[in-house]
There are 2 protein chains.
Amino acid sequence: MSERTERVGPPSRGGRKRDHSRDAVILEATLDVLAESGFDGMTIDMVAVRAGAARATVYRRWPTKIDLVLDAVKRLAPGPAELERLPDTGSLRGDLVASMQPDTSEESERRVRVVAGLQSIAERNEDIAAVLTGGGTEPWIEANRILIRRAVDRGEYGPVDVDALAQVLPLMCTCRVAVQRLPITPEYAIGLIDAVLLPAMRSTSKEKFG
Amino acid sequence: MSERTERVGPPSRGGRKRDHSRDAVILEATLDVLAESGFDGMTIDMVAVRAGAARATVYRRWPTKIDLVLDAVKRLAPGPAELERLPDTGSLRGDLVASMQPDTSEESERRVRVVAGLQSIAERNEDIAAVLTGGGTEPWIEANRILIRRAVDRGEYGPVDVDALAQVLPLMCTCRVAVQRLPITPEYAIGLIDAVLLPAMRSTSKEKFG
DNA sequence: CAATTACGATATCCACGAGTATCGGATCAG
DNA sequence: CTGATCCGATACTCGTGGATATCGTAATTG
């Protein structure tokens with residue numbers, strides 16, 4: 001977490017406790033607004049209203065807009081435990097379809113929209129850029145890397161370019177939402193798997209053509 | 001073109017002519033600033049300074065910031081003639097490599113950055129969204145569609161899912177620049193062609209796996 | 001030359017949003 | 001109860017940027 005406005009100096013004698021359960025509400029509201037309006041279009045007031053709080057309450061916990069957004073985006077990054085719980089159905093296709101299931105939900109569409117809405121500020125803010133790579137496409141690509149490597153190891157496919165193939169689904173889906181402004185339906189996701197990724201896996205790319 | 005501030009009423013008797021050769025300079029400056037700072041980060045003053053003009057000169061030709069950006073983005077859309085001049089080397093790989101050549105240039109990286117920088121405003125402005133689909137990834141996808149269809153027609157490959165495969169290179173390259181913030185090197189482009197697209201072409205996706 | 005318009009530069013108006021300050025009411029510790 | 005702190009609400013400051021207006025100068029027509 002980025003530095004809050006915690007009281008450090010005087011060991012206070014009492015007073016109303018800060019209701020920390022509202023942190024999550026405010027951060028969720030921040031992500032909602034970010035997904036809808038982007039960083040520049042988002043105002044602290046929008047966040048406060050959506051969270052049912054006062055602007056002062058937000059500023060009491062995060063000193064600047066940037067700090068608020070940083071903490072909010074950190075919620076997007078999957079924990080290491082997330083990568084441990086990858087599906088294991090026995091076939092690559094089964095694993096991919098299972099792992100894409102949450103990606104066709106609204107929850108994950110918001111994630112992509114947040115990433116898209118932070119591009120402009122990421123250009124000028126090192127911290128935002130850093131937290132974006134961690135919470136954006138990279139974990140998703142890493143998950144695909146694991147699934148593909150596992151399929152190759154168990155002999156389901158021959159040797160392939162794991163790094164290149166692991167990027168196909170995450171990058172294409174991200175671009176579809178962020179740039180083409182189209183939803184990731186289960187049909188589209190499965191279509192990509194069956195028409196692009198799995199066919200590419202089947203033909204090992206040893207021979208080149210001139 | 002969107003409506004300018006052209007004089008229409010009084011048949012004027014004379015006066016200094018508007019130097020229309022500077023339109024292009026201003027619009028190019030607009031694209032440069034858009035690519036660097038996005039729509040919200042761009043100010044009319046940045047554009048004017050980069051174009052070596054005064055703000056008043058810009059406002060004399062385009063009434064609002066939106067109008068200026070609309071005209072600028074229209075310059076990104078390739079004319080119909082562009083799609084007629086697609087490479088024809090005899091092999092799909094040759095065509096793809098040749099057609100990707102300009103995409104690895106700075107010129108084309110700017111195009112993608114402009115598209116990325118306009119996402120936030122496109123969410124709220126119908127006109128921007130419309131002109132973006134025309135000048136963004138769609139023409140690029142269409143070009144790939146033509147190349148792939150041609151290769152199938154000449155018997156170089158069996159039947160494939162043309163629409164899905166035509167999106168692979170444009171979407172992945174766009175996302176790499178706009179989201180991952182990495183350059184499109186010739187190595188990366190050719191790597192995609194050899195490790196993803198052509199392998200996927202080779203194995204026709206008739207059989208499915210459960 | 002005179003009238004007219006474009007141009008560069010600059011001043012100005014205006015709206016908006018980040019961040020601060022204040023206030024009344026609520027909630028805790030002692 | 002008392003003092004300290006949180007909360008919601010509101011007013012406020014202040015910088016920025018879109019848009020307009022003005023002015024002196026340059027170019028063009030008659």
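Worth knowing before you read on, the calculation uses all heavy atoms, side chains too, and leaves out hydrogens, waters and symmetry mates. To find a chain, count down the sequence lines: A is the first, B the second, and so on, and within it residues start at 1. Just so it is clear, the structure is predicted and the values come from calculations on it, not from any experiment.
In terms of position along DNA chain C, the nucleotide closest to B:G15 lies nearer the 5' end than the nucleotide closest to the other residue of the pair B:G15 and A:T64.
Residue A:K65 has a polar side-chain atom (N or O) positioned under 4.0 Å from OP1 or OP2 of C:dA18. Between A:K17 and C:dA29 there is a side-chain polar atom (N or O) within less than 4.0 angstrom of OP1 or OP2. Taking side-chain N and O atoms only, B:R61 has no distance below 4.0 Å to OP1 or OP2 of C:dT5. OP1 or OP2 of D:dG8 has at least one side-chain nitrogen or oxygen of A:T57 nearer than 4.0 Å. Side-chain N/O atoms of B:R18 include one lying less than 4.0 angstrom from OP1 or OP2 on C:dA6.
For the pair B:W62 CH2 and D:dA19 C1', the interatomic distance rounds to 16 Å; values are reported in whole Å. The distance from atom NE2 of A:H20 to atom C1' of D:dC6 is 11 Å, rounded to the nearest whole Å. Rounded to whole angstrom, the span from the CG atom of A:D19 across to the P atom of C:dG25 amounts to 21 Å. Distance CG (A:D40) to P (C:dC16): 17 Å, rounded to an integer number of Å. At whole-Å resolution of the value, CG in B:L68 and C1' in D:dG18 are 12 Å apart. As rounded to whole Å, 17 Å separates atom P of C:dT22 from atom OH of A:Y59. With rounding to whole Å, A:F39 atom CZ is found 13 Å from C:dG17 atom P.
Formation of a donor-acceptor pair under 3.5 Å by the A:S37 side chain with backbone atoms of A:L34 is not found in this model. Proximity of a side-chain donor or acceptor of A:K65 to a complementary backbone N or O of A:M42 within less than 3.5 Å is detected. For A:R176 (side chain) and A:P183 (main-chain N/O), a donor-acceptor pair under 3.5 Å exists by modelled atom type. At distances below 3.5 Å, not a single donor-acceptor pair connects side-chain atoms of B:D67 with backbone N or O atoms of B:W62.
Donor-acceptor pairing under 3.5 Å, judged by distance alone, is present between the side chain of A:R16 and the base of D:dC6.
Ionic pairing of B:R61 and B:D71 is not present here: no N-O contact between side-chain nitrogen and carboxylate oxygen is shorter than 4.0 angstrom.
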When you look at A:S21 and A:D19, which way does the side chain to side chain donor-acceptor pair (under 3.5 Å) test go after all the steps?
CA-CA 5 Å; A:S21 73; A:D19 182 1; 2.7 Å; yes
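A side-chain hydrogen bond (donor to acceptor under 3.5 Å, both in side chains) with B:Q119 holds for exactly one of A:R181, A:R113, A:Q119; it is A:R181.
Note on A:M46: nothing from the nucleic acid sits closer than 4.0 angstrom, heavy atoms only.
Considering only the side chain of A:I44, C:dA18 comes nearest among C:dG25, C:dA18, C:dC7.
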Would you list the protein and nucleotides 9-15 of chain D atom pairs, both N or O, that sit under 3.5 Å from each other?
residue: D:dA11; atom: N6; partner: A:R55; partner atom: NH2; Å: 2.9

